[in-house]
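What follows is one structure encoded as structure tokens, with my remarks underneath.
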Amino acid sequence: MDKAKAVLLIADGLGDRPIKELGNKTPLEAAEKPNLNKLAAEGECGLMDPIAPGIRAGSDTSHLAILGYDPYTYYTGRGPFEAAGIGMDVKKGDVAFRCNFSTVDDNMLITDRRAGRINSGTDQLAAAVNGMKLSNGVEVIFKESVAHRGALILRAPGLGADITDTDPHHEGAKVLTAEPIEPTDVPSSITAAAVNEFVRKSYEILKDHPVNKERIAQGLNPANIILPRGGGIGPNMESFEDEHGLKAACVAETGLINGVARYIGMEITEVPEATGGPDSNLIAMAKAIVERLSEVDFVLCNVKGTDVAGHDDAPQVKIDMVKKLDEMIGYLMANLPANTFLVLTADHSTPCAIKDHSGDPVPIVFWGEGVRTDRCDCFGERCVTSGGLGRIRGIAVMNIITQLMNVQEKFGA
Ligand code: ZN
Ligand code: ZN
């Protein structure tokens, strides 16, 4: 038999709550989805609590759990994954931040947190601050991301990450001074001092930068300061291959998910037609998954549009996304190589009614050769409760996959 392979497909924020206008069905329940129902009928179904019952999961913490890494042990903040997601090489012990290019006046008063939503020249601004040396030998690695965003890595032995933000999160306020959350936390006070020095120097370097002189001449807000936030220390995690014995690739649409995947050593696959929104081309993503399986054992895929629809309180958009997901599953069921397991689930619920993530469990199905097919024959939040899995936690998913693939080491004699 061919060596077993697996695809873990996560429809971001797919879970929802009953909606009156949909006859008290969820968008997943209301959508036409012949392929999803076929997957459920042939597979083993159940509910999953991504982290634990009732816990409102973020996409990053949930993906960590589902990939077999307890987020309570490994999650330090989204900074390291945001930085890894734009291709930065985050090392264990680095402190990484998400950043905004912003506009301040001479008194450090923020006049525009997004620097006029600057969309060109940030590569030159980034190059001007990247590589600067700070006091205490702290090294600076900075890279621009899309629009006004970027990421910062501070590198030195013995840094901490428990500090307050410099970004006051609204305009008309002064840039804040980063401080250690616990005054006696020496590693974090070194980081706080480095952040404050970085912010001050970013202003000194950027205020007269040619890109900003040009912006001012055009009547645009200059990107004259960089404000870091959401700092976290690069966690000490085994690679996915060392942890599970599987060579893996990721097909995802957001920097955050690509960052989680890259941090644990998965190969990142760019799909130009994947937009991260409801207009994304999921068949192009499905084709990329099938292609990657010729080189790797495992593909993680995240489809983002379902979560976007939930945040936007757009049930019809979510229904349309389920239809596209259904076509994607149809393509995968027909085109996956022999002896490939397919797992479909969500990283959390994003109910339209609350426009954010909730702690409601999500449906999950395992499909492939040898799976114990159960009585459940439809894929929805409520009908999967008739399935054989019962209610599992995210941290169990990789165990179930690797034992189905027969690649897991035995516990005991
Ligand atoms: Zn998510
Ligand atoms: Zn979300």
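Whatever order the structure lists them in is the order used to number ligands and atoms, beginning at 1.
- Rounded to 10°, the angle formed at the Zn ion (ligand 2) by H311 NE2 and D307 OD1 is 90°.
- The pair R372-D374 fails the salt-bridge criterion, with no side-chain N (NZ, NE, NH1 or NH2) lying under 4.0 Å from an Asp/Glu carboxylate O.
- Closest to the Zn ion (ligand 1) among the N, O or S atoms of D347 is OD2.
- When the SG-SG distance for C376 and C45 is compared with the 2.5 Å cut-off, it comes out at or above that value.
- Rounding to 10°, one obtains 90° for the angle at the Zn ion (ligand 1) between OG (S59) and OD2 (D12).
- Judged by distance alone, with hydrogens and angles left aside, the side-chain atoms of T164 form a donor-acceptor pair with the main-chain N or O of E179 at under 3.5 Å.
- Residue D297 holds its CG atom at 7.5 Å from CD of E241, rounded to the nearest 0.5 Å.
- Atom CG of N100 is separated from atom CD1 of I225 by 11.5 Å, given to the nearest 0.5 angstrom.
- Within H357, the N, O or S atom lying nearest to the Zn ion (ligand 2) carries the name NE2.
- The Zn ion (ligand 2) has no N, O or S atom of H348 closer than 2.8 Å.
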